Amino acid sequence: FRPYGIGDRIEAGGVVGTIREVNLFYSELDTDDNVRIVFPNGELWGKIVKVPSRNDTERVELRFTRALTDDAGIAIDRIKEIVGHDRRITRVAQIGIDTVNAADFVIVVRIWVRRHEAMQVHFDLNRAIKEDFQRHPPVIEQARAAD
């Protein structure tokens, strides 16, 4: 009668991990840092339990803080190009400016990938976009000079 089973990844009671054992009285899970957590089953009844491992895909969200002097259009176009070349991405949800502050703005990228590849895609895209911005800073002055 449990909404999860052995091997499922769950989040409950502020703990995230993979279920290793389920019996009549308790459930055991291993956290990402390999700590075994024992939940009395009574603690899980009537509580919200997230079971992300039941779905094949996961949304990955990336954020890039850029100086206000950067050309937002060029930065977003560069990100779209890099994201467009990554075959692990199953769907692009949104790419755009999330917030504008006094000295900078934040670009958010929301993409969907296969769950087992999510963290590696996250790391790889962060690195690729960071390196691209280092090689070719999308500053407004460069964009105007090209016109």
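Values in this document were obtained by computation on a predicted structure and should not be read as measured data. Note: hydrogens, waters and symmetry copies are ignored here, and every other heavy atom, side chains too, is used.
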Checklist entry - Which pairs, with at least one residue in residues 59-68 and sequence neighbours excluded, count as a salt bridge (Lys or Arg N to Asp or Glu O under 4.0 Å)? => result R59-E61, E61-R63, E61-R110, R63-D98, R66-D70
Item to check | Approximate separation, where rounding is to 0.5 Å, of R9 CZ and R54 CZ | outcome: 14.5 Å
Checklist entry - If you link I, L, V, M, F, W and Y whenever their side-chain heavy atoms are under 4.5 Å apart, who else ends up in the same group as V106? => result none
Checklist entry - What residue among Q120, R127, H122 forms side chain to side chain donor-acceptor pair (under 3.5 Å) with D124? => result Q120
Checklist entry - Does T57 offer a backbone N or O that forms a donor-acceptor pair with the side chain of N55 under 3.5 Å? => result no
Checklist entry - Any link between V100 and I79 through a network of hydrophobic side chains (Ile, Leu, Val, Met, Phe, Trp, Tyr) touching at under 4.5 Å? => result yes
Checklist entry - Is the backbone N or O of G5 less than 3.5 Å from a side-chain atom of D8, with the two atoms forming a donor-acceptor pair by type? => result yes
Next on the checklist: Checking the side chain of T18 only, and the main-chain atoms of G7 only, is there a donor and an acceptor separated by less than 3.5 Å?
Outcome noted: no
Next on the checklist: Please check this pair: side chain of R78 against backbone of H136, looking for a donor-acceptor N/O pair closer than 3.5 Å.
Outcome noted: yes
Checklist entry - Can you hop from F64 to V92 via hydrophobic side chains spaced under 4.5 Å? => result yes
Next on the checklist: As a quick check of understanding, evaluate side chain to side chain contact (heavy atoms under 4.5 Å, CB included) for F105 and T65, giving each step before the final call.
Outcome noted: CA-CA 6 Å; F105 62 94; T65 302; over 6 Å; no
Checklist entry - Using 4.0 Å as the upper bound for N to carboxylate O, is an ion pair formed by E58 and R115? => result yes
Next on the checklist: I need the I111 CD1 to R91 CZ distance, nearest 0.5 Å.
Outcome noted: 11.0 Å
Checklist entry - Out of curiosity, does V35 fall in the hydrophobic cluster containing I6 (side-chain heavy atoms, cut-off under 4.5 Å, transitive links)? => result yes
Checklist entry - Among D30, L29, T31, which residue meets the side chain to side chain contact (heavy atoms under 4.5 Å, CB included) test with R36? => result D30
Item to check | Check ion pair E117-R114 (N to O, under 4.0 angstrom) | outcome: yes
Item to check | Worked check of side chain to side chain contact (heavy atoms under 4.5 Å, CB included) between W112 and I89 | outcome: CA-CA 6 Å; W112 289 88; I89 296 169; over 6 Å; no
Item to check | Heavy-atom check, side chain of F133 versus side chain of R135, under 4.5 Å | outcome: no
Checklist outcome for this item: Note: A72 and I97 closest approach over all heavy atoms is CB-CD1, 3.6 Å
Item to check | Side-chain touch V108/I95, heavy atoms, less than 4.5 angstrom | outcome: no
Next on the checklist: Between I10 and V16, does the side chain to side chain contact (heavy atoms under 4.5 Å, CB included) criterion hold? Intermediate values first, please.
Outcome noted: CA-CA 6 Å; I10 71 163; V16 177; over 6 Å; no
Checklist entry - Where do V60 and L62 land on the side chain to side chain contact (heavy atoms under 4.5 Å, CB included) test, with the steps shown first? => result CA-CA 7 Å; V60 172; L62 307 170; 4.1 Å; yes
Checklist entry - In terms of hydrophobic clusters joined by side-chain contacts under 4.5 Å, are I82 and I74 together? => result no
Next on the checklist: Can you tell me if H116 has over 12 outside heavy atoms packed within less than 6.0 Å of its NE2?
Outcome noted: yes
Item to check | Path from I19 to V49 over hydrophobic side-chain contacts below 4.5 Å | outcome: yes
Next on the checklist: When you compare the side chain of F39 with that of I37, does any pair of heavy atoms fall below 4.5 Å?
Outcome noted: yes
Checklist entry - Do the side chains of N23 and E21 get nearer than 4.5 Å, heavy atoms only? => result yes
Checklist entry - When you measure from the side chain of N101 to the backbone N and O of A103, does any donor-acceptor pair fall under 3.5 Å? => result no
Item to check | Side chain to side chain, D86 and L125, heavy atoms closer than 4.5 Å | outcome: yes
